[in-house]
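Quick caveat: nothing in here was measured; it's all calculated off a predicted structure. Start at 1 and go down the list; that is how both ligands and their atoms are numbered.
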Amino acid sequence: MRKTLYLKFVLAYFIFGIFGYAIITTFVPSMIRDRLVREKANDLYSEATLIANTYASGLYSSETTLETVKIQIDALSIYLNSIIRIINPSGLVVMDTSEPLDLDHTTVIENFDSTVTGSSYYIIDDFFQTFDEDVLSVIAPINNNYMVKGYVTIHYGMSSIEQSTNGLLTISYITLIILFMLSLIILIFFTEMVYVPLKKIIQATEQYASGNMRHELQVDNDDEIGYLAACLNFMASEVARTEDDQKKFIANVSHDFRSPLTSIRGYLEAMLDGTIPTESYEKYLKIVLNETERLTKLTNSLLTLNSLNTMGMILNLTDFDINDAIRSTAASFEGTCRSKFISIELVLTGDMLFVHADEDKIQQVLYNLIDNAIKFSSPGYSIRLETSEKRNKIFVSVKDSGIGIPKEDQKMIFERFYKSDSSRGKDKKGTGLGLSIVKEILTAHGEHINVISTQGVGSEFIFSLQKSDINDVMDD
Ligand code: ADP
């Protein structure tokens, strides 16, 4: 298919050349010849009429002598490159510029007929067999006293017209060759601008189809083809990125599943083979239980992430009181806080503060952020949950005085499975998925989350939400 597109274009190019040549060799010569004959006949007829009305009529009215007229029309015949004759109606040639004046040896044209030209004013033949070759002849009557006294005929050799025709044809051939050469530019243009990039695009799509998404498509065109190539490049890089993400994701999931499973297996084997004595069972079973909790948490987070992705995050947007959502989420951490001696301080704007968002999902965001704040805070510290209002936005802040996040990690913490090194020791149950869930939920809402953190001082996560119009109604 690829070859034929190019072949078709080359074929069209040669058909164009052959047609051009055929037209120039068939129609053009006869058109040029007809045109030249008509123009010449027109000129000659005007000349013949002029001679008939001037010199020749003077001859018949005996105003001038034969010799004088002969000298004049001889000069004219040289000027017109033709033969001029004065013929009587009977066919007697009174004067012929191709011969000297000889009254003793006159020529009579057999069957001379002045109407031989018919409806036209010229004729192409051997003029009553008086020429060896075809000549273009015009006939003009010589009137004297309202009577036709004779005729002026002018004869122009057709070979001269053929010569002129051939001259003009040569110009046409040269023009055709130049045009053919110039149209080569179109062929080169097509090759460079369409065919070569198209070939590259086809090669690239073949590579993509065979799974090589890293193949780089190099097309520099600044047109639709260039745009198509750029789109394909983008598509391939996106697919490659998704593939990479998937591989990374599976590697992370497997790693995170393997380590608790290995430790569970290790402890259980040690219990079975007696390495761990029966009296220590309780301690090690608690560790095993912890590890299973970690696995459950990981599975739940994966399921949450998956549901967020597969449903393309369908949001159930309602107007709800964010202060109330914060209060109830904080309350669910009461037990954990008590056991860790951590207090939660609420600094909420107004009694009720309505936002327009998906309540369940925002509760999940709050849960993950508060969970982290507690996890990374030392016993005895407090966590501050704050709401504030700016223009049509509501800002929610979750602030702790915990271990903080190193500067270089702050950009990465929202990525899936990312756990900063400093947190690993403290939070063995962490999955590295909590903040990526938070980020995805807020992105789906068209909102943002920011982190301000200093290592050893604490962290503050602030996210925005759309303020609900209900607040204004309630203010009124
Ligand atoms: P997880 O908490 O399950 O490890 P997250 O995605 O919630 O996963 O958090 C990613 C990482 O970000 C954590 O491992 C931790 O290093 C860091 N992080 C998150 N919140 C805090 C916080 N409040 N204080 C300090 N570090 C935090």
Side-chain angles (χ1 to χ4, degrees), residues 245 248-249 251-260 290-309 326 329-330 332-333 336-337 340-347 361-386 395-444 448-463:
D245 284 356
K248 235 171 28 194
F249 186 79
N252 285 329
V253 172
S254 330
H255 174 265
D256 279 40
F257 268 94
R258 203 166 34 203
S259 42
N290 250 338
E291 293 291 26
T292 56
E293 263 174 31
R294 189 174 154 197
L295 282 175
T296 313
K297 200 173 168 192
L298 184 63
T299 316
N300 286 340
S301 296
L302 282 174
L303 286 174
T304 311
L305 261 185
N306 195 40
S307 71
L308 296 181
N309 280 343
I326 292 171
T329 314
S332 70
F333 284 96
T336 326
C337 288
K340 270 194 91 176
F341 303 104
I342 285 174
S343 59
I344 296 184
E345 187 188 342
L346 302 180
V347 185
K361 296 209 166 62
I362 297 304
Q363 257 177 345
Q364 168 95 60
V365 168
L366 288 168
Y367 185 92
N368 289 5
L369 292 178
I370 299 170
D371 186 40
N372 279 345
I374 296 171
K375 258 190 329 199
F376 300 110
S377 289
S378 307
Y381 284 91
S382 94
I383 290 163
R384 204 168 113 121
L385 306 181
E386 191 177 336
F395 292 89
V396 181
S397 147
V398 178
K399 189 175 178 183
D400 64 61
S401 313
I403 61 169
I405 307 162
K407 229 179 173 56
E408 61 275 17
D409 288 347
Q410 288 180 15
K411 265 188 250 143
M412 327 275 276
I413 51 172
F414 294 101
E415 283 177 21
R416 288 179 186 184
F417 294 105
Y418 190 83
K419 296 186 218 170
S420 82
D421 280 342
S422 55
S423 74
R424 283 182 195 274
K426 283 213 160 246
D427 174 42
K428 289 214 178 64
K429 279 195 214 157
T431 59
L433 292 174
L435 286 181
S436 67
I437 293 174
V438 166
K439 177 89 178 174
E440 285 201 28
I441 291 175
L442 291 171
T443 307
H448 301 278
I449 179 159
N450 271 323
V451 59
I452 306 163
S453 182
T454 311
Q455 242 184 318
V457 177
S459 315
E460 180 175 14
F461 287 85
I462 308 166
F463 64 91

**Study point:** 4.5 Å side-chain heavy-atom contact, L433 and L298
**Key:** yes

Review point. Quick one: does I449's side chain get under 4.5 Å of F414's, heavy atoms only?
Key: yes

**Study point:** Basic-acidic side-chain contact under 4.0 Å: E440, R416
**Key:**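 Yes, charged N to carboxylate O under 4.0 Å.
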
Practice item. Between I405 and ligand 1, find which residue part has any heavy-atom pair under 4.0 Å and reply side chain, backbone, both or neither. Key: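 Contact part for I405 vs ligand 1: side chain (C-beta onward).
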
Review point. Side chains of N300 and K297: is there a donor and an acceptor less than 3.5 Å apart?
Key: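 No, K297 and N300 have no side-chain donor paired with an acceptor closer than 3.5 Å.
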
**Study point:** Greater than 12 external heavy atoms within 6.0 Å of F257's CZ
**Key:**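 More than 12 heavy atoms, drawn from other residues, nucleotides or ligands, come within 6.0 Å of this atom.
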
Hey, is [X] one of the residues with a heavy atom under 4.0 angstrom from ligand 1?
| X | value |
| --- | --- |
| K297 | no |
| G432 | yes |
| N368 | no |

Point to revise | Distance flag, aromatic centroids of Y381 and F341, threshold under 6.0 Å | key: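 Ring-ring flag for F341/Y381: false, centres at least 6.0 Å apart.
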
Review point. Heavy atoms only: which of F414, F461, Y418 is nearest to atom 10 (C) of ligand 1?
Key: Y418

Check your understanding: Does any N/O atom on S436 come nearer than 3.5 Å to any N/O atom on ligand 1?
Key ->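 N/O-N/O distance below 3.5 Å does not exist for this pair.
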
Review point. Any nitrogen or oxygen of L435, main chain or side chain, under 3.5 Å from a nitrogen or oxygen of ligand 1?
Key: yes

**Study point:** Straight-line distance of I403 CD1 to S377 OG, nearest 0.5 Å
**Key:** 9.0 Å

Check your understanding: Under the criterion side chain to side chain contact (heavy atoms under 4.5 Å, CB included), which of I441, T304, I437 is the partner of N368?
Key -> I437

Of all the atoms in ligand 1, which lie at a distance below 4.0 Å from a heavy atom belonging to [X]?
| X | result |
| --- | --- |
| K375 | 1 (P), 2 (O), 3 (O) |
| G434 | 5 (P), 6 (O), 7 (O), 8 (O) |
| S459 | 22 (C), 24 (N), 25 (C) |
| L433 | 6 (O), 8 (O) |

